[in-house]
Amino acid sequence: MTADGIAVVVVSFRSASTIDACLQQLRNAEAVVQVRVVDNGSDDDSMAIVQRHAVDDARVRFIANPDNPGFAVACNQGAADSDAPWLAFVNPDCMVEADSFRRLLAHAGTLAPPVMLGCEQLDASGRADPAVRRRDPDFAAMLRSRAARELALPRDPGARLQPVQALSGALLLLPRRLFQRIGGFDEGYRLHAEDLDLCRRARQSGASIAVANDVTVRHLRGISSRSRPLFVEWHKHRGFWRYFRKFDAEKHGIATRVAVFAMIWMRFVVAASAKILRRGMGADD
């Protein structure tokens with residue numbers, strides 16, 4: 001195993017439409033020495049596809065969970081089942097290029113360790129994912145300003161490596177030592193906000209976080225989420241509340257805490273109602 005070898009962890013759930021291409025791209029990617037697929041109880045052909053890749057390539061192994069314990073739990077399972085010095089977490093609808101990780105490792109070498117890196121992500125239509133560059137959410141500020149609710153940061157066209165506070169969990173790369181030192185993903189999150197949490201704890205431990213603006217991957221976005229949109233919305237907002245309680249609640253009085261709680265769950269009601277309406281009208285989620 002090389003000093004720059006990467007173990008890639010892919011968490012799948014009903015990912016049959018994309019995981020074949022995702023795994024093939026990962027197998028072709030430079031610096032990838034291990035691939036761990038953790039399936040959270042898929043009831044489609046996901047596991048059959050993963051098993052074929054495992055037969056063809058000894059670097060690919062899988063964990064088949066009988067149920068769905070959540071994204072954070074599955075990420076930690078995949079990390080624990082590997083031992084390469086670098087860890088990458090990649091969504092099953094994310095398609096890396098052959099040189100994506102090599103270029104990210106080269107960027108990492110220009111920063112004082114430890115580092116956590118992401119990259120540009122474009123959807124099937126070539127539109128950039130705004131979640132790639134984010135700042136920490138400030139829920140108390142959101143009570144006073146609608147502008148504070150926008151977490152996405154603009155791309156700096158003059159920076160190949162752009163410092164940010166938080167990355168998208170769809171693809172991120174970090175040293176195993178950093179991941180272990182901060183305790184991995186917080187398994188109290190089921191879905192969403194666990195990437196914000198991981199980035200904040202990494203920064204608190206002294207890590208630098210940045211997006212490589214000159215490294216681009218395709219991210220088809222939300223393939224496995226479309227079959228259960230209300231489940232996703234529930235856990236997204238539950239994750240926001242957990243994040244606020246964990247990092248910021250103690251800084252504020254009871255009135256602010258109650259107001260943040262109400263804001264988060266009113267937003268859930270609005271988002272869930274919109275999804276129910278769209279489904280009733282036959283629109284895609």
Side-chain angles (χ1 to χ4, degrees), residues 5-65 68 71 74-75 77-79 81-82 84 86-105 117-132 167-174 191-192 195 211-229 232 284-285:
I6 298 172
V8 180
V9 177
V10 180
V11 177
S12 66
F13 177 76
R14 296 178 182 171
S15 305
S17 63
T18 61
I19 198 166
D20 186 33
C22 173
L23 292 178
Q24 192 59 60
Q25 295 292 104
L26 291 173
R27 290 170 56 190
N28 293 336
E30 300 168 33
V32 173
V33 296
Q34 298 172 333
V35 179
R36 300 294 181 260
V37 182
V38 185
D39 186 80
N40 278 344
S42 293
D43 53 8
D44 60 3
D45 292 332
S46 295
M47 277 308 302
I49 295 168
V50 173
Q51 288 170 343
R52 290 200 297 271
H53 282 273
V55 169
D56 292 340
D57 191 329
R59 295 175 298 169
V60 181
R61 295 200 326 217
F62 61 86
I63 298 170
N65 288 324
N68 189 342
F71 179 78
C75 283
Q77 286 179 296
D81 192 57
S82 62
W86 287 84
L87 281 167
F89 297 92
V90 178
N91 276 14
D93 54 5
C94 203
M95 310 296 164
V96 304
E97 299 296 330
D99 62 352
S100 296
F101 290 125
R102 175 180 59 77
R103 295 174 64 195
L104 286 175
L105 288 172
L117 295 179
C119 65
E120 184 70 276
Q121 299 173 22
L122 304 181
D123 67 13
S125 300
R127 292 171 297 194
D129 183 353
V132 164
L167 304 168
S168 164
L171 189 152
L172 54 84
L173 174 74
L174 72 164
L191 188 67
H192 284 289
D195 49 2
V211 174
N213 287 335
D214 60 349
V215 179
T216 301
V217 302
R218 283 188 301 132
H219 181 201
L220 304 182
R221 289 181 61 87
I223 296 297
S224 62
S225 300
R226 293 175 184 171
S227 62
R228 43 180 198 159
V232 170
D284 292 333
D285 291 307

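Exactly one of Val217, Leu220, Leu26 qualifies for a side chain to side chain contact (heavy atoms under 4.5 Å, CB included) with Cys94. That residue is Val217. The side chain to side chain contact (heavy atoms under 4.5 Å, CB included) with Asp39 is formed by just one residue from the set Pro92, Ser15, Ser46; it is Ser46.
Judged purely by atom type and a 3.5 angstrom limit, Arg59 has no side-chain atom pairing as donor or acceptor with the backbone of Ala54. When atom types are taken as modelled, the side chain of Arg103 and the backbone of Asp214 share a donor-acceptor pair closer than 3.5 angstrom. Side-chain atoms of Gln77 do not come within 3.5 Å of backbone N or O of Ile63 as any donor-acceptor pair.
For CG of Asp123, the number of neighbouring non-hydrogen atoms (other residues, nucleotides, ligands) closer than 6.0 Å is greater than 12. The environment of CZ in Arg218 is sparse: at most 12 heavy-atom neighbours from other residues, nucleotides or ligands sit within 6.0 Å.
For the atom pair CG (Asn91) and OG1 (Thr18), the distance works out to 9.0 Å, reported to the nearest 0.5 Å. Here Met95 contributes atom CE and Leu23 contributes atom CG; the two are 9.0 Å apart, rounded to the nearest 0.5 Å. Considering CD1 of Ile19 and CZ of Phe13, their distance stands at 12.5 Å, rounded to 0.5 Å. Put simply, CZ on Phe89 and CG on Leu172 are 7.0 Å apart, with the number rounded to the nearest 0.5 Å. Note that CD of Glu30 and CZ of Arg102 are 4.5 Å apart. Values are rounded to the nearest 0.5 Å. Atoms CG and CZ, from Leu117 and Phe101 in turn, are 11.0 Å apart once rounded to the nearest 0.5 Å.
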Go through the steps for Ile6 and Leu105 under the test side-chain contact (heavy atoms from CB on, under 4.5 Å), then give the verdict.
CA-CA 10 Å; Ile6 298 172; Leu105 288 172; 3.8 Å; yes
Full working for side-chain contact (heavy atoms from CB on, under 4.5 Å) between His219 and Leu171:
CA-CA 9 Å; His219 181 201; Leu171 189 152; over 6 Å; no
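The nearest pair of heavy atoms linking Leu104 to Gly118 is CD2-O, 3.7 Å. Residues Leu87 and Ser82 come closest through the heavy atom pair CD2-OG, 3.8 Å. The minimum heavy-atom distance linking Arg14 with Ser42 is given by the pair N-OG, 2.8 Å. Asp195 and Gly169 get closest at one heavy-atom pair: OD2-N, 2.9 Å. Across all non-hydrogen atoms, the minimal contact from Val33 to Ala84 is CG2-CB, 3.7 Å. When all heavy atoms are compared, the tightest approach of Val90 to Cys22 is CG1-SG, 4.5 Å.
Under the side chain to side chain contact (heavy atoms under 4.5 Å, CB included) criterion, Thr216 pairs with Glu120, Leu122, not counting sequence neighbours.
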